[in-house]
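Take a look at the following structure, please.
Bear in mind the structure is a predicted one, so any value in this text is a computation, not a measurement.
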Amino acid sequence: MLTVLSIAYALAPVRPDTAGGAEQVLLALDRTLTAGGYHSIVVAAAGSQVAGQLLPTHSLPECFTGATRQHAERRQRRRIEEALRRFPIDVIHCHGIDFATHLPDTGVPTLVTLHLEADCYPPAALHRPRTWFNCVSSSQRRRFMGLPAMLPEIDNGVPIAALSARHARRKFALALGRICPEKGFHLA
């Protein structure tokens with residue numbers, strides 16, 4: 001049986017009500033793997049709701065600081081190391097922008113889904129042994145030209161039926177996601 005270790009962004013829970021696209025993609029993959037009879041292990045913040053096996057890291061603080069971020073990344077790394085000791089991991093799949101800060105060097109093949117633009121990642125993070133990358137759109141992939149371990153993109157998409165406004169009285173636009181400069185909410 002294939003065992004997949006999925007690693008979430010350290011500062012967001014993986015739940016159906018989380019607005020982050022990376023968390024929604026991880027959730028969909030976890031559900032699909034589990035339904036297919038595979039062993040899905042997810043390292044994510046406490047309170048995450050996954051179909052597979054959750055290895056919770058920590059409860060999220062109300063206020064994020066540099067110290068709370070570092071604490072979350074240390075807890076994330078310890079849980080990843082624990083999973084690698086306890087389970088016969090076949091592949092690691094990372095979804096967070098912070099993957100390079102907590103992912104140990106292993107011999108396990110690793111896939112990193114890049115959810116942001118190239119300049120959001122430290123250059124050294126994009127050159128790891130036995131690590132491949134994929135983007136969530138063709139326009140994003142063009143910005144990573146020259147990255148030798150790049151796989152074809154898989155277009156990002158999350159099920160929006162549960163988020164639809166069925167009885168809207170006027171036309172509107174809704175933007176959901178983590179509030180941070182790289183998401184571009186200031187442009188919305």
Side-chain angles (χ1 to χ4, degrees), residues 1-58 72-116 120-122 124-138 140-141 144 147-162:
M1 172 188 354
L2 180 72
T3 300
V4 178
L5 174 61
S6 296
I7 302 170
Y9 175 54
L11 299 177
V14 176
R15 298 191 309 238
D17 62 345
T18 300
E23 291 73 33
Q24 293 299 317
V25 169
L26 191 157
L27 185 62
L29 289 169
D30 167 64
R31 288 177 174 169
T32 301
L33 286 166
T34 302
Y38 301 105
H39 190 188
S40 176
I41 302 167
V42 178
V43 172
S48 293
Q49 300 168 355
V50 300
Q53 184 173 354
L54 175 64
L55 296 181
T57 56
H58 59 284
E73 290 168 351
R74 282 192 303 272
R75 291 288 309 260
Q76 192 93 329
R77 185 177 182 95
R78 284 197 297 268
R79 279 302 214 185
I80 293 165
E81 290 170 345
E82 175 189 342
L84 291 166
R85 281 191 311 272
R86 286 179 53 195
F87 303 102
I89 305 297
D90 294 302
V91 65
I92 299 171
H93 191 175
C94 302
H95 289 272
I97 186 174
D98 56 352
F99 74 91
T101 62
H102 54 255
L103 187 62
D105 291 328
T106 71
V108 179
T110 301
L111 172 65
V112 177
T113 296
L114 301 167
H115 291 270
L116 297 173
C120 294
Y121 299 94
L126 302 174
H127 299 282
R128 297 175 50 94
R130 296 188 55 98
T131 301
W132 291 265
F133 302 89
N134 75 295
C135 291
V136 296
S137 72
S138 58
Q140 178 199 27
R141 185 172 184 231
F144 283 92
L147 186 59
M150 181 63 72
L151 300 172
E153 69 275 358
I154 298 174
D155 286 334
N156 199 5
V158 295
I160 60 169

| query | Going by heavy atoms in the side chains, are Ile41 and Phe87 under 4.5 Å from each other? | reply | yes
| task | Please answer whether the main-chain N or O of Val4 pairs with a side-chain N or O of Asp90 as donor and acceptor at a distance below 3.5 Å. | result | no
| task | Apply side-chain hydrogen bond (donor to acceptor under 3.5 Å, both in side chains) to Thr32 and list each qualifying residue two or more places apart in sequence or on a separate chain. | result | none
| message | Please check this pair: side chain of Thr18 against backbone of Glu23, looking for a donor-acceptor N/O pair closer than 3.5 Å. | response | no
| field | For Arg130, salt bridge (charged side-chain N to carboxylate O under 4.0 Å, His left out) partners two or more places apart | value | none
| query | Taking side chain as C-beta onward, heavy atoms only, is His93 less than 4.5 Å from Ile7? | reply | no
| Taking all atoms of both residues into account, what is the closest heavy-atom pair of His127 and Pro148, and its distance? | CE1-CD, 4.4 Å
| request: Applying side-chain contact (heavy atoms from CB on, under 4.5 Å), name anything that partners Arg141, two or more places apart in sequence or on another chain. | output: Cys135, Met150, Glu153
| field | Side chain proximity check, Val91 to Leu5, heavy atoms < 4.5 angstrom | value | no
| query | How long is the gap from CG on Asp17 to CD on Gln24, to the nearest 0.5 Å? | reply | 8.0 Å
| query | Are any of the side-chain nitrogens in Glu82 or Arg79 under 4.0 Å away from the carboxylate oxygens of its partner? | reply | yes
| Hey, what do you get for CD (Gln140) to CG (Leu116), rounding to the nearest 0.5 Å? | 7.5 Å
| query | Should we say atom OH of Tyr38 is surrounded by more than 12 heavy atoms from elsewhere, each under 6.0 Å from it? | reply | no
| So, Arg77 and Glu73, do they make that salt bridge, N to O below 4.0 Å? | no
| said: So, taking the atom named CD1 in Ile89 and the one named CG in Leu84, what distance separates them when rounded to the nearest 0.5 Å? | reply: 6.0 Å
| said: Is there a side-chain contact between Leu114 and Val136 in this structure, where contact means two heavy atoms from C-beta onward sitting under 4.5 Å apart? | reply: no
| said: Taking the side chain as everything from C-beta on, heavy atoms only, tell me whether Pro16 gets closer than 4.5 Å to Leu27. | reply: yes
| Under 4.5 Å between any side-chain heavy atoms of Thr113 and His115, yes or no? | yes
| request: Could you tell me whether the side chain of Leu111 reaches within less than 4.5 Å of the side chain of Leu151, counting heavy atoms only? | output: yes
Contacts under 3.5 angstrom, residues 42-56 side chains, donor-acceptor by atom type, not counting sequence neighbours:
{"residue": "Ser48", "atom": "OG", "partner": "Val14", "partner atom": "N", "Å": "2.9"}
{"residue": "Ser48", "atom": "OG", "partner": "Ala45", "partner atom": "O", "Å": "2.7"}
{"residue": "Gln53", "atom": "OE1", "partner": "His39", "partner atom": "NE2", "Å": "3.0"}

| So, do Tyr121 and Phe133 sit near enough that their side-chain heavy atoms are less than 4.5 Å apart? | no
| Residue pair His95 / Ser6, side-chain donor-acceptor N/O under 3.5 Å | no
| Distance-minimising heavy-atom pair for Asp30 and Ser40 | OD1-OG, 2.5 Å
| All side-chain contact (heavy atoms from CB on, under 4.5 Å) counterparts of Ile154, not counting sequence neighbours | Asn134
Result block: side-chain N/O donor-acceptor pairs under 3.5 angstrom for residues 97-108, not counting sequence neighbours:
{"residue": "Asp98", "atom": "OD2", "partner": "Ala10", "partner atom": "N", "Å": "3.1"}
{"residue": "Thr101", "atom": "OG1", "partner": "Asp98", "partner atom": "O", "Å": "2.6"}
{"residue": "His102", "atom": "ND1", "partner": "Asp98", "partner atom": "O", "Å": "3.2"}
{"residue": "Thr106", "atom": "OG1", "partner": "Val108", "partner atom": "N", "Å": "3.1"}

